Amino acid sequence: MDTPPQPSTAAETEFDLMGALFSPAGSADPHVILRGSPLPGCQYQFVRDVLRDPRFAAPVIPPSPHPAFQLLRRWMIRLDGDRHRRVRDAFGGLFTARRVERYRTIIAGRAAALIDQAAPAGSMDLVTDFARPLPFTVINDVLGVPPEDRDWLGAALATLNRGFARQRDSDRTPVQAADDTAEQMLSYFAQLLDQRAAAPADDLMTALAARHADGEDRQDLLANCIFFMLAGHQTTTTLLTLGTHLLCTHPSAVAALQKDPGRWPAAVEEMLRLITPTTFTGATPRTDADIHGVTCPAGQPRLLFLAAANRDPAAFPDPDRFDISREPNPHLSFAAGAHFCLGAPLARVHGEVALSTLFTRLPRLTALTPPDITASVPIRQVDHFTVTWQHD
């Protein structure tokens with residue numbers, strides 16, 4: 001029988017809290033671990049201001065013999081300075097709010113097609129039948145992954161994420177599988193980059209190929225193709241799944257949104273705050289720094305729990321309440337500062353379009369089972385969630 005996690009108030013450091021997030025209870029609900037913690041890394045003002053402070057560098061991943069964690073060291077959320085700017089510039093052009101709006105019609109059409117396919121059955125696993133395939137397909141289109149390769153790539157990403165989520169297990173099989181998968185995906189994207197250099201298309205891989213990067217810069221681009229795929233659909237899958245659960249358990253919010261669809265953007269912001277798909281991040285002071293009276297010595301990493309900051313009662317009155325009228329709502333689900341999430345506009349459009357389509361097309365949508373939440377590190381992961389609806 002698993003030992004219950006210690007109350008967050010007993011944790012002496014933010015690293016104790018992170019360790020507890022790997023427990024069964026922490027995996028299912030990070031707030032069991034984080035709620036009420038007095039540690040700075042759980043306080044909204046501290047987290048926000050560290051993320052915005054140029055004296056703090058991106059979190060460093062220690063050197064590792066594992067290819068999966070070598071890959072992680074190259075992701076843009078882990079890079080700093082000129083190297084970070086080069087990678088961010090390479091991927092940033094497709095994530096302006098104006099450009100993302102072009103995907104609104106595409107997302108609506110694909111959401112409707114997935115619903116058409118599921119509707120006659122009267123129930124579905126929301127994760128496998130809707131919330132995962134929708135953003136995954138869109139991200140593949142943006143990047144330029146050929147349709148025939150997408151099933152393999154989806155399985156590979158799941159293997160990689162499983163290795164990260166289970167890195168502390170005594171059974172090393174998930175990490176070993178993630179290592180093999182990381183090497184396979186790097187090889188795949190290297191080949192795809194070469195193909196686009198020879199035969200350009202209207203996609204992100206063509207734009208990356210046009211940069212003619214080599215050496216370490218090329219390796220950074222390849223690694224971030226994988227980050228782009230994983231972060232771009234996994235976090236949105238979590239948003240759509242747990243956002244649906246929130247609405248299923250708050251019928252008054254559904255009624256308000258049906259009465260006034262103009263409230264969907266604010267509703268999605270509130271979902272992002274409560275769900276916080278990426279539970280935590282980190283930062284390391286370049287020099288000694290003092291943030292709101294907290295001494296941060298140079299070189300000593302700080303963990304920043306976005307999920308806890310988003311429910312800090314000092315910043316959000318009645319923080320556990322789902323309130324689609326909450327204003328202001330300055331949540332940190334996309335982080336802040338130089339490492340603010342590039343994909344934020346696309347995630348927001350997915351939430352607005354997919355969820356409004358879902359609740360419009362499927363009358364009396366109801367949760368048949370609770371969401372099967374299996375991990376909260378590094379991303380909240382939901383494997384299954386069965387819903388039902390009125391079926392004529």
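Keep in mind that the numbers below use all heavy atoms, side chains included, and drop hydrogens, waters and symmetry copies. None of these values were measured; they are calculated from a predicted model.
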Do the charged groups of [X] and [Y] touch, with an N to O distance under 4.0 Å?
| X | Y | result |
| --- | --- | --- |
| Asp89 | Arg86 | no |
| Arg35 | Asp312 | no |
| Arg83 | Asp217 | no |
| Asp141 | Arg110 | yes |
| Arg196 | Asp203 | yes |

Mark yes or no for whether [X], through its side chain, and [Y], through its backbone, hold a donor-acceptor pair below 3.5 Å.
| X | Y | result |
| --- | --- | --- |
| Thr388 | Gly122 | yes |
| Gln219 | Arg74 | no |
| Thr237 | Thr235 | no |
| Arg273 | Pro319 | yes |
| Gln117 | Ala113 | no |
| Gln390 | Pro363 | no |
| Ser27 | Ser23 | yes |
| Asn224 | Asp220 | yes |
| Ser37 | Leu34 | no |
| Asp16 | Thr13 | yes |

Work out which heavy atom in [X] is nearest to a heavy atom in [Y]; give both atom names and the distance.
| X | Y | value |
| --- | --- | --- |
| Ile291 | Cys296 | CG1-SG, 4.4 Å |
| Met271 | Leu239 | CB-CD1, 4.0 Å |
| Ile324 | Ala267 | CG2-CB, 3.7 Å |
| Pro174 | Arg162 | CB-O, 4.2 Å |
| Trp75 | Ile226 | CZ2-CG2, 4.3 Å |
| Ala309 | Leu332 | CB-CD1, 4.0 Å |

Inset, instruction - Applying side chain to side chain contact (heavy atoms under 4.5 Å, CB included), run through Trp389 and Met124 and close with a yes or a no. - result: CA-CA 9 Å; Trp389 53 86; Met124 67 172 163; 3.8 Å; yes

Legend entry - Test side chain to side chain contact (heavy atoms under 4.5 Å, CB included) applied to Thr374 and Asp372, step by step: CA-CA 6 Å; Thr374 56; Asp372 179 20; 3.6 Å; yes

Parallel, tilted or perpendicular: which one describes the rings of [X] and [Y], with boundaries at 30° and 60°?
| X | Y | result |
| --- | --- | --- |
| Trp264 | Phe359 | tilted |
| Tyr188 | Trp152 | tilted |
| Phe334 | His331 | tilted |

[X] side chain near [Y] side chain, heavy-atom distance below 4.5 Å:
| X | Y | value |
| --- | --- | --- |
| Arg104 | Glu352 | yes |
| Arg55 | Val50 | no |
| His292 | Asp49 | yes |
| Phe56 | Leu51 | no |
| Leu221 | Cys225 | no |
| Asp194 | Gln191 | no |
| Pro301 | Phe15 | yes |
| Asp116 | Arg361 | yes |

Between atom [atom1] of [X] and atom [atom2] of [Y], what is the distance when rounded to the nearest 0.5 Å?
| X | Y | atom1 | atom2 | value |
| --- | --- | --- | --- | --- |
| Leu186 | Leu71 | CG | CG | 5.5 Å |
| Asp290 | Thr295 | CG | OG1 | 5.0 Å |
| His31 | Ser376 | NE2 | OG | 9.5 Å |
| Leu346 | Arg348 | CG | CZ | 11.5 Å |
| Phe227 | Leu72 | CZ | CG | 9.0 Å |
| Phe305 | Ile33 | CZ | CD1 | 10.0 Å |

Could you state whether [X] and [Y] fall into the same hydrophobic cluster, counting links through intermediate Ile, Leu, Val, Met, Phe, Trp or Tyr residues with side-chain heavy atoms under 4.5 angstrom apart?
| X | Y | answer |
| --- | --- | --- |
| Ile106 | Val349 | yes |
| Leu134 | Val268 | yes |
| Ile379 | Leu274 | no |
| Met185 | Ile77 | yes |
| Ile275 | Tyr44 | no |

Legend entry - Option from Leu306, Val377, Leu304 for which side chain to side chain contact (heavy atoms under 4.5 Å, CB included) with Phe280 holds: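 It is Val377; the other options fail the test.
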
[Y] versus [X], side-chain donor and acceptor atoms under 3.5 Å:
| X | Y | result |
| --- | --- | --- |
| Ser333 | Asn310 | yes |
| Arg380 | Thr278 | no |
| His233 | Arg132 | no |
| Asn140 | Thr137 | no |
| Asp383 | Gln381 | yes |

May I ask you to check whether over 12 heavy atoms, not counting those of [X], lie within 6.0 Å of atom [atom1]?
| X | atom1 | answer |
| --- | --- | --- |
| Glu101 | CD | yes |
| Arg321 | CZ | yes |
| Asp318 | CG | yes |

Legend entry - His250 ring center near Phe322 ring center (under 6.0 Å):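 They qualify: ring centres under 6.0 Å apart.
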
Inset, instruction - Check step by step if side chain to side chain contact (heavy atoms under 4.5 Å, CB included) holds for Val353 and Thr105. - result: CA-CA 9 Å; Val353 174; Thr105 301; over 6 Å; no

Legend entry - Derivation of the side chain to side chain contact (heavy atoms under 4.5 Å, CB included) call for Leu153 and Asp149: CA-CA 6 Å; Leu153 185 57; Asp149 297 336; 5.6 Å; no

